[in-house]
Amino acid sequence: MISLINVYYEENRFAILYRLLGERTPDQSISHKGMPDYPEHVEFVESLPYKTWCFIHAPEEDGYVGTVYLSKQNEIGIFIFNQYQRKGYGQEAVKVLMEANDGPLLANINPQNNASAKMFESLGFKHIQNTYAK
């Protein structure tokens, strides 16, 4: 059973989050286009960008397996370290986040990220739009 730990309670949050960000590929993200330098990353984390932002802790693993957040617009974002992907941690974390937050929730997913789309669909999310950017 996973638990969600507020990222701001973790002393090593900047390093852990930076390592996680470094694993993202273009098809896994919508907003992340390039790797920021470390000071830019620290500034972003300190800006309190999300309503809720948690590390996903799985007791059977060594350390955190990823993060999940809820934006100020009630959009769910999730990323799991590569070595822990496809083990059910993402789905379990989203379920916990959903239970703790009433109201409509959204998930913006890169159209090339089929695994994420399938996971959210399995949790009852419905495809409602495609958004284009230039």
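Positions are given from 1, in the same order as the sequence printed here.
We find the CE-CG distance between Met119 and Asn113 to be 9.0 Å, quoted to the nearest 0.5 Å. Atom CG of Asn108 and atom OG of Ser71 lie 8.0 Å apart (nearest 0.5 Å). For the atom pair CZ (Phe14) and CZ (Arg19), the distance works out to 16.0 Å, reported to the nearest 0.5 Å. Here OG1 of Thr67 is found 10.5 Å from CD1 of Ile16. Values are rounded to the nearest 0.5 Å. One finds the NE2 atom of His127 at 8.5 Å from the CD1 atom of Ile109 (value rounded to the nearest 0.5 Å). In this structure, Leu123 CG and Glu92 CD are separated by 11.0 Å, a value rounded to the nearest 0.5 Å.
Listed by chain and number, the residues in a side chain to side chain contact (heavy atoms under 4.5 Å, CB included) with Ser47 are Phe44, Pro49 (sequence neighbours excluded). Residues that satisfy the side chain to side chain contact (heavy atoms under 4.5 Å, CB included) test with Glu99, not counting sequence neighbours, are absent from this structure. Not counting sequence neighbours, Glu40 has no partner by the side chain to side chain donor-acceptor pair (under 3.5 Å) test. Shown here are the ring-ring contact (aromatic ring centres under 6.0 Å, His included) partners of His41, two or more places apart in sequence or in another chain: Tyr18, Tyr38. By the salt bridge (Lys or Arg N to Asp or Glu O under 4.0 Å) test, Glu75 is found to be paired with no residue, residues two or more places apart in sequence or in another chain being considered. The salt bridge (Lys or Arg N to Asp or Glu O under 4.0 Å) check on Lys87 picks up Glu61, with sequence neighbours excluded. Considering only residues two or more places apart in sequence or on other chains, Gln91 meets the side chain to side chain donor-acceptor pair (under 3.5 Å) condition with Ser122. Asp102 pairs by the side chain to side chain contact (heavy atoms under 4.5 Å, CB included) definition with nothing, not counting sequence neighbours. In this structure Lys51 satisfies the side chain to side chain donor-acceptor pair (under 3.5 Å) test together with Asn74, sequence neighbours excluded. Partners of Lys118 under the side chain to side chain contact (heavy atoms under 4.5 Å, CB included) rule, at least two apart in sequence or in another chain, do not exist in this structure.
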> Under the side chain to side chain contact (heavy atoms under 4.5 Å, CB included) criterion, do Leu4 and His57 qualify, and how do the steps go?
Replying inline: CA-CA 6 Å; Leu4 301 183; His57 180 259; over 6 Å; no

>> With side chain to side chain contact (heavy atoms under 4.5 Å, CB included) as the criterion, how do Val96 and Ile2 come out once you've worked through the C-alpha distance, each side chain's angles and the decisive distance to 0.1 Å?
In response: CA-CA 9 Å; Val96 171; Ile2 61 107; 4.0 Å; yes

>> As a quick check of understanding, evaluate side chain to side chain contact (heavy atoms under 4.5 Å, CB included) for Cys54 and Ile5, giving each step before the final call.
In response: CA-CA 5 Å; Cys54 297; Ile5 315 274; 5.8 Å; no

> Where do Val94 and Leu105 land on the side chain to side chain contact (heavy atoms under 4.5 Å, CB included) test, with the steps shown first?
Replying inline: CA-CA 11 Å; Val94 171; Leu105 299 173; over 6 Å; no

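Pairs of residues two or more places apart, or lying in two chains, that qualify as side-chain hydrogen bond (donor to acceptor under 3.5 Å, both in side chains) and include a residue from residues 2-12 are Glu10-Tyr64. Counting only residues at least two apart or in different chains, ring pair (Phe, Tyr, Trp, His ring centres under 6.0 Å) contacts with residues 81-121 comprise Phe120-Phe125.
The closest donor-acceptor contact from the side chain of Asn101 to the backbone of Leu97 lies under 3.5 Å.
For Asp37, the CG atom sits in a packed shell: over 12 heavy atoms of surrounding residues, nucleotides or ligands are nearer than 6.0 Å.
Residues Val45 and Arg13 approach most closely at CG1-CD, 4.3 Å, considering heavy atoms. Listed here is the closest heavy atom pair of Pro36 and Leu21: CD-CD2, 3.6 Å. Listed here is the closest heavy atom pair of Lys72 and Leu48: NZ-O, 3.1 Å.
Here the side chains of Phe79 and Val68 are not in contact, with every heavy-atom distance at 4.5 Å or above.
A continuous path of Ile, Leu, Val, Met, Phe, Trp and Tyr side chains, each step under 4.5 Å between heavy atoms, connects Leu20 with Val42, placing both in one hydrophobic cluster.
The aromatic rings of Tyr69 and Trp53 sit perpendicular to each other, their planes meeting at more than 60°, with 30° as the lower class boundary.
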